[in-house]
Amino acid sequence: MTGNQVERDGSGRVTVDGEVPAGDPGDRRDCDVLVVGAGFGGIYAAYRFRQMGLRVLGIDGAGGFGGVWYHNRYPGARVDVDSTDYTFYFSPELYRDWRWSERFATQPELLRYLNHVADRFDLRRSFVFGTWVTHATWSRADRHYRVETDTGLTVAARFLVMATGNLSRSRDLRFPGLGDFQGDWVQTSHWPEHGVRYADRRVGVIGTGSSGVQTISAIAPEVAELHVFQRTPNFSIPAVNGPVDDAHFEGVCADVRGAREWLRTVPSGTHSRRGTKRTSDYSPAERQEIIERQWNRGGHEFAMMFTDQGTDEAANAIIAEFARAKIREIVKDPEVAEALCPYDHPIGTRRLCLDTGYYESFNLPHVTLVDLRSEPIETVTAAGIRTSRREYELDLIIFATGFTAFTGAIDSAGIRNERGESPTDGWKHGPRTFLGLMTERFPNLFFLTGPGSPSVLANMAAGNEHHVDWVADLIDHMRKTGATTVEPTTEAVEEWGEHVADVAKNMLRLRVNNYMVHVNEDGSRVFMPYIGGFGQYVQRAAEVASRGYPGLVLE
Ligand code: NAP
């Protein structure tokens with residue numbers, strides 16, 4: 001990278017001594033399942049597959065467990081789903097023993113939790129860290145993926161499980177002049193373990209999605225100057241963080257297995273409350289009261305108050321205007337408030353940000369909003385950032401510019417079938433998957449929370465647990481039937497794609513550009529995650545299993 005990128009963490013490579021020891025560079029190891037990624041999905045995958053007696057090796061480029069929570073260490077990083085939901089449910093004892101300290105846990109606490117789980121189930125010995133998969137080629141002759149890594153370690157694996165998340169590969173930075181910048185720069189998505197000094201410095205933040213909003217809110221009080229470079233304003237809702245609801249927690253503890261099953265029946269995979277009536281079922285005064293009450297309760301339920309808010313423009317406009325009025329109320333400078341108000345998309349059609357004091361930050365005298373719609377960035381200079389209007393002198397630039405969603409991590413692993421194709425070669429018009437977990441012509445390849453699964457629209461912890469269970473049951477079925485390879489048919493992939501499109505077709509979200517929407521050259525749009533709800537998704541996946549896996553070719 002160019003310029004003074006704050007040094008990222010060292011490789012932290014750890015050699016393990018488990019059933020499938022990773023060994024030294026140059027070594028070759030055989031395993032049944034190679035799990036790529038050591039976040040929620042990878043940790044549970046290693047546990048579950050090992051329980052089945054499979055030889056498992058986990059690989060992650062990071063220096064330890066955590067996945068997204070390993071890399072996104074930026075100030076203010078915390079989960080935006082209630083911690084008591086965003087957690088493992090597979091072990092009632094684990095659930096009961098871990099006490100989350102806050103409604104929305106911080107990144108350090110999440111990292112402690114994931115390490116705790118890894119240690120509790122003795123998973124460390126199945127993983128090798130500081131190792132990136134560079135190639136994974138399917139060999140039909142011996143029915144294995146031949147996997148190469150950047151450390152020289154090679155692996156032969158019968159099954160390849162990509163537990164790499166869908167928001168893990170950062171979007172490429174394309175800012176002219178970055179190499180000339182004399183200050184420091186860093187990405188929220190790869191925040192170094194040793195930290196970044198921002199207090200008392202002149203800081204610029206580019207990007208106002210969830211990562212930017214959390215970073216800005218956290219650093220604003222401590223920096224000398226903060227310039228927020230905003231291209232598109234997003235709606236941000238108060239998180240209303242606080243202590244865990246003990247009564248709720250105890251209630252779940254009383255029947256963790258029951259709660260796990262119940263979460264698999266509801267659209268969000270969480271205990272969030274969801275409105276059951278339309279906006280028009282209420283008088284304006286009643287509606288206002290519901291919205292106000294929800295604003296004060298905080299959290300993503302703000303996107304679920306009425307059944308028509310995601311599909312009906314007029315209904316949505318009521319809520320959007322409420323949120324804009326709040327921004328105008330909080331932000332003292334009317335011009336700044338107006339620039340922060342989103343008008344170009346219905347509320348909730350881009351994932352809502354949850355914040356603690358985001359809009360209030362703009363009342364601090366040393367915080368400025370740079371509206372890139374009226375003064376676009378021209379170049380990064382030695383001293384800072386020059387827009388069409390002026391130069392902003394900076395000591396530190398923080399890029400919170402997002403991810404190559406859904407396909408980035410799959411592409412990074414260099415997966416190829418025997419024809420030399422990559423899984424995403426056929427995805428020019430949008431992802432082609434079966435249940436968001438598999439794609440055609442790639443035997444024995446699974447990606448957890450992939451496009452076509454509920455992924456970011458539901459509880460990712462619950463999603464990962466479900467996917468691993470489904471894959472584990474499939475592998476078990478293969479063992480029982482003597483099959484060694486499995487892949488979906490083109491028809492099954494197309495059918496699933498049609499269903500994914502069908503459940504999204506009336507959603508306002510489909511019309512709005514953001515990382516969940518794939519836009520084709522002819523203007524047609526594909527909504528990548530499955531928006532039919534986690535419960536409905538789980539049911540469909542269960543039906544596939546109970547009917548003996550129609551749509552899959554088992555050989
Ligand atoms: P994001 O939502 O994609 O936001 C990226 C931001 O960078 C946008 O404001 C974007 O502007 C801006 N940007 C990108 N390229 C730019 C450029 N060249 N010049 C100026 N601005 C540019 O990414 P994110 O904030 O990392 O969040 C992604 C998702 O991760 C979230 O939706 C959420 O699912 C997850 N997340 C969750 C949490 C949490 O649980 N608390 C925290 C962080 C992230 P445009 O909108 O104009 O493109």
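Order of appearance sets the numbers: ligands from 1, and atoms from 1 within every ligand.
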* With a 4.0 Å heavy-atom cut-off (strictly under), which part of Gln214 contacts ligand 1: side chain, backbone, both or neither? -> side chain

* To do: Kindly say whether the aromatic ring centers of Phe302 and Phe235 come within a distance under 6.0 Å.
  => no

* May I ask you to check whether Arg540 and His499 show a side-chain donor-acceptor distance below 3.5 Å? => yes

* Among protein heavy atoms, which sits nearest to atom 46 (O) of ligand 1, and what does the distance come to when rounded to 0.1 Å? -> Arg350 NH2, 2.9 Å

* Asked: Does the N or O separation between Ser210 and ligand 1 drop below 3.5 Å for any pair?
  -> yes

* Could you find the nearest protein heavy atom to atom 35 (C) of ligand 1 and give me its residue, atom name and distance? => Leu167 CD1, 3.8 Å

* How does Phe403 reach ligand 1, by side chain, by backbone, by both or by neither, if only non-hydrogen atoms under 4.0 Å count? -> side chain

* Asked: Can we call the ring centroids of His518 and Phe527 under 6.0 Å apart?
  -> no

* **Charged N-O contact under 4.0 Å between Arg197 and Glu222** => no

* Which residue and heavy atom of the protein sit nearest atom 2 (O) of ligand 1, plus the separation -> Gly209 CA, 3.8 Å

* For atom 28 (C) of ligand 1, the protein heavy atom that lies nearest, with its residue and separation -> Tyr515 CE2, 3.9 Å

* Within-cut-off N or O pair, Arg78 and ligand 1, under 3.5 Å -> yes

* To do: Distance to 0.1 Å, residue and atom name: give those for the protein heavy atom nearest to atom 18 (N) of ligand 1.
  => Phe175 CZ, 3.3 Å

* Parallel, tilted or perpendicular, as decided by the 30° and 60° cut-offs, for the rings of Trp262 and His271 -> parallel

* Structure fact -> Of all protein heavy atoms, the one nearest atom 17 (C) of ligand 1 is Arg231 NH1, 3.4 Å

* Just checking, Arg73 and Tyr70: is the charged tip under 6.0 Å from the six-membered ring centre and within 45° of the axis? -> yes

* What do you reckon, are the aromatic ring centroids of Trp100 and Tyr113 less than 6.0 Å apart? -> yes

* To do: Could you tell me whether Phe229 and Tyr392 have their ring centroids closer than 6.0 angstrom?
  => yes

* Is it true that Phe399 and Phe175 have ring centroids separated by less than 6.0 Å? -> yes

* Structure fact -> shortest atom 9 (O) of ligand 1-to-protein heavy-atom contact is with Thr208 N, 2.9 Å

* Does ligand 1 have an atom under 4.0 Å from some heavy atom of Tyr74? -> yes

* **ligand 1 contact on Phe229 by region, counting heavy-atom pairs under 4.0 Å** => neither

* **Which segment of Leu372 sits under 4.0 Å of ligand 1 when only heavy atoms are counted** => side chain

* Contact atoms of ligand 1, heavy-atom distance to Thr401 under 4.0 Å -> 5 (C), 7 (O), 13 (N), 14 (C), 15 (N), 16 (C), 22 (C)

* Scan Glu321, Glu292, Glu360 and name whichever one has a salt bridge (charged side-chain N to carboxylate O under 4.0 Å, His left out) with Lys326. => Glu292

* Asked: How does Ala77 reach ligand 1, if at all, at less than 4.0 Å between non-hydrogen atoms: by side chain, backbone, both, or neither?
  -> neither

* To do: Evaluate the criterion side-chain hydrogen bond (donor to acceptor under 3.5 Å, both in side chains) for residue pair Ser101 and Glu109; output intermediate values, then yes/no.
  => CA-CA 8 Å; Ser101 65; Glu109 187 171 11; 2.8 Å; yes

* Structure fact -> protein heavy-atom neighbour closest to atom 40 (O) of ligand 1 works out as Asp80 OD1, 3.0 Å

* To do: Could you tell me which atoms of ligand 1, counted from 1 in the order shown, lie closer than 4.0 angstrom to a heavy atom of Ile206?
  => 20 (C), 21 (N)

* Numbering the atoms of ligand 1 from 1, which are under 4.0 Å from a heavy atom of Gly207? -> 6 (C), 7 (O), 9 (O), 12 (C)

